[in-house]
Amino acid sequence: MEYIRLGRTELQASVMGLGCGGHSRLGQATGRTEKESVAIVQQALDYGVNFIDTAESYGTEPIVGKALAGVPRDAYILSTKKSLREDDQWITAAQLKAGLERSLKTLNTDYVDIYHLHGLLPDQYDYACSELVPALESLKEQGKIRFSGVTEMFGRDPQHAMLSRATQDPYWDVIMVGFNILNQSARQHVFPHTKANDIGVLIMFAVRRALRSRENFAEMVAYLHEQQLLDPATQSLAAVEAVFGTAGGAASMQDAAYRFCRYEDGVHVTLSGTGNPDHLAANHESLLRPPLPAATTTALKDMFGHIDSVSGN
Ligand SMILES: NC(=O)c1ccc[n+]([C@@H]2O[C@H](COP(=O)([O-])OP(=O)(O)OC[C@H]3O[C@@H](n4cnc5c(N)ncnc54)[C@H](OP(=O)(O)O)[C@@H]3O)[C@@H](O)[C@H]2O)c1
């Protein structure tokens, strides 16, 4: 595994992070047993992955807690999250603190390394700053969290309106942003600020739904074609797919997807979410391969770099 400084946190994080949410939730969404999901976390640790991302709302904190039992606490970086909505209302500072206490108990630990506000929308941002940031600061002082983070709702905020504000504020040590071949707009709206302010950057949605299979990708290309978002020269699926194939230097579409993200300037940890041990093995190999050939990266930027309206979900 390779490790990277996670911005001003000074944590040394593996370049591959294990995502315990998304459409897979460690396989809990696709019929895997708890034992199989625990084994996925352990397989990732065996590869040297030390960055584990979960959330109260994923239902995978108990699995992560079980998988990490007996592992020295300083051998991994634990990232978890609290959603802003509870009982159909925005949470109070007291609810945030109660949520963290539940997460600590479920994860069987005294502290989490990064505690995020989960999936914050632009219209929730001011409330989060005035009501919840002071609570996060007090949790830091108590040693229950080491760093504060914020993640976006990429599907509903594909142009990063929330994160383009948050990354200019001093409150967030780490952010999680949607970035992939199909929507590269974080390069313009987010990474200049994270670099200037030395904020740790976690990538989600590298593969998600659109890059998971040829069928899904074909659907997405057809949609982009309908929206007139693809250059006529690259409108055919074959033309687009050519860049993902061996001619473009990638082992598969997913291989291209993860490597494209990993080597983007400003990216620290690329998350991979899976419940499938073969996918985990392949993704681990992908994330340790060198960058895609420069011509392939350039072609992917030329084809999709102007698109900021889809997330790939
Ligand atoms: N707003 C937020 O805070 C937010 C939102 C979304 C995600 N996240 C975090 O970010 C993490 C990463 O996002 P994501 O889970 O959507 O990740 P992803 O790694 O981009 O995509 C995962 C999806 O692709 C499939 N997949 C993975 N590897 C594959 C391969 N080699 N071949 C074919 N299919 C493959 C997985 O299914 P299989 O199980 O079949 O492999 C899963 O459905 C999440 O797990 C979560 O921790 C946060």
Side-chain angles (χ1 to χ4, degrees), residues 16-32 36-37 39-41 43-44 49 51-61 63-64 77-85 114-122 124 149-158 160 162-163 166 172 174-183 186 201-217 220 244 250-262 267-287 289 311-313:
M16 173 182 192
L18 181 66
C20 303
H23 292 309
S24 183
R25 293 192 290 112
L26 293 174
Q28 291 298 293
T30 55
R32 303 267 174 178
E36 287 172 314
S37 296
I40 288 284
V41 181
Q43 183 183 343
V49 170
F51 195 96
I52 315 283
D53 179 66
T54 182
E56 184 181 46
S57 66
Y58 297 161
T60 52
E61 285 184 331
I63 290 167
V64 172
I77 299 167
L78 202 48
S79 152
T80 192
K81 323 187 191 72
K82 177 77 189 141
S83 299
L84 212 75
R85 279 204 170 273
I114 306 161
Y115 197 49
H116 304 264
L117 298 185
H118 190 174
L120 211 60
L121 284 162
Q124 298 170 330
V150 63
T151 80
E152 68 180 353
M153 187 82 82
F154 190 35
R156 289 169 64 186
D157 183 13
H160 315 289
M162 188 283 293
L163 280 180
W172 318 103
V174 178
I175 58 115
M176 189 184 297
V177 58
F179 178 78
N180 56 34
I181 286 170
L182 296 162
N183 183 337
V201 174
L202 315 173
I203 295 299
M204 59 179 176
F205 282 64
V207 168
R208 199 62 179 185
R209 202 189 75 82
L211 292 154
R212 198 164 63 192
S213 68
R214 191 177 187 278
E215 295 70 35
N216 293 356
F217 185 63
M220 177 55 78
F244 292 115
S252 66
M253 188 185 284
Q254 295 80 30
D255 179 70
Y258 285 121
R259 288 163 72 194
F260 184 81
C261 292
R262 185 206 151 168
V267 170
H268 298 132
V269 175
T270 303
L271 294 166
S272 169
T274 184
N276 179 325
D278 296 332
H279 288 173
L280 188 67
N283 301 346
H284 164 238
E285 281 183 24
S286 293
L287 282 159
R289 286 198 179 108
S311 68
N313 196 18

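In each ligand, atom 1 is the first atom listed, and ligand 1 is the first ligand listed. The figures that follow rest on heavy atoms only: side chains count, while hydrogens, waters and symmetry mates do not.
- Per-residue contacts place Leu271 under 4.0 angstrom from the following atoms of ligand 1 (heavy atoms of the residue considered): 10 (O), 11 (C), 12 (C), 19 (O).
- Among all non-hydrogen protein atoms, the one lying nearest atom 19 (O) of ligand 1 is Tyr258 OH, 2.6 Å.
- Atom numbering of ligand 1 starts at 1 in the shown order; those under 4.0 Å from a heavy atom of Ala206 are 20 (O).
- Residue contacts with ligand 1: Ser272 is included, with a non-hydrogen atom under 4.0 Å away.
- For atom 23 (C) of ligand 1, the candidate residues are His284, His23, Arg208; the nearest heavy-atom contact is made by Arg208.
- For the residue pair Glu61/Thr54, the side-chain donor-acceptor check at 3.5 Å is not satisfied.
- Ligand 1 has no N or O atom lying under 3.5 Å from any N or O atom of Ala282, backbone or side chain.
- Checked against the 6.0 Å centroid criterion, the rings of Tyr258 and His284 do not qualify as a close aromatic pair.
- In the vicinity of Gly275, heavy-atom distances shorter than 4.0 Å reach the ligand 1 atoms 39 (O).
- The residue among Glu152, Arg209, Gln254 with a heavy atom at the shortest distance from atom 1 (N) of ligand 1 is Glu152.
- Close contacts of ligand 1 with Lys81, meaning ligand atoms under 4.0 Å from a residue heavy atom, involve 3 (O).
- Every atom of ligand 1 is numbered from 1 in the order shown, and the set under 4.0 Å from a heavy atom of Thr274 is 38 (P), 39 (O), 41 (O).
- The atoms of ligand 1 that sit less than 4.0 Å from any heavy atom of Gly22 are 15 (O), 44 (C), 45 (O).
- Close contacts between ligand 1 and Arg212 involve ligand atoms 24 (O), 25 (C), 33 (C), 34 (N), 43 (O) [criterion: under 4.0 Å to a heavy atom].
- Geometrically, Arg214 does not engage Phe217 in a cation-pi contact defined by less than 6.0 Å to the ring centre and at most 45° from the axis.
- For the residue pair His116/Thr80, the side-chain donor-acceptor check at 3.5 Å is not satisfied.
- For a threshold of 3.5 Å applied to N or O pairs, the pair formed by Thr30 and ligand 1 contains no separation below that value.
- Atoms of ligand 1 found under 4.0 Å from any heavy atom of Met204, numbered from 1 in the order shown, are 1 (N), 2 (C), 4 (C), 5 (C), 6 (C), 7 (C), 8 (N), 10 (O), 48 (C).
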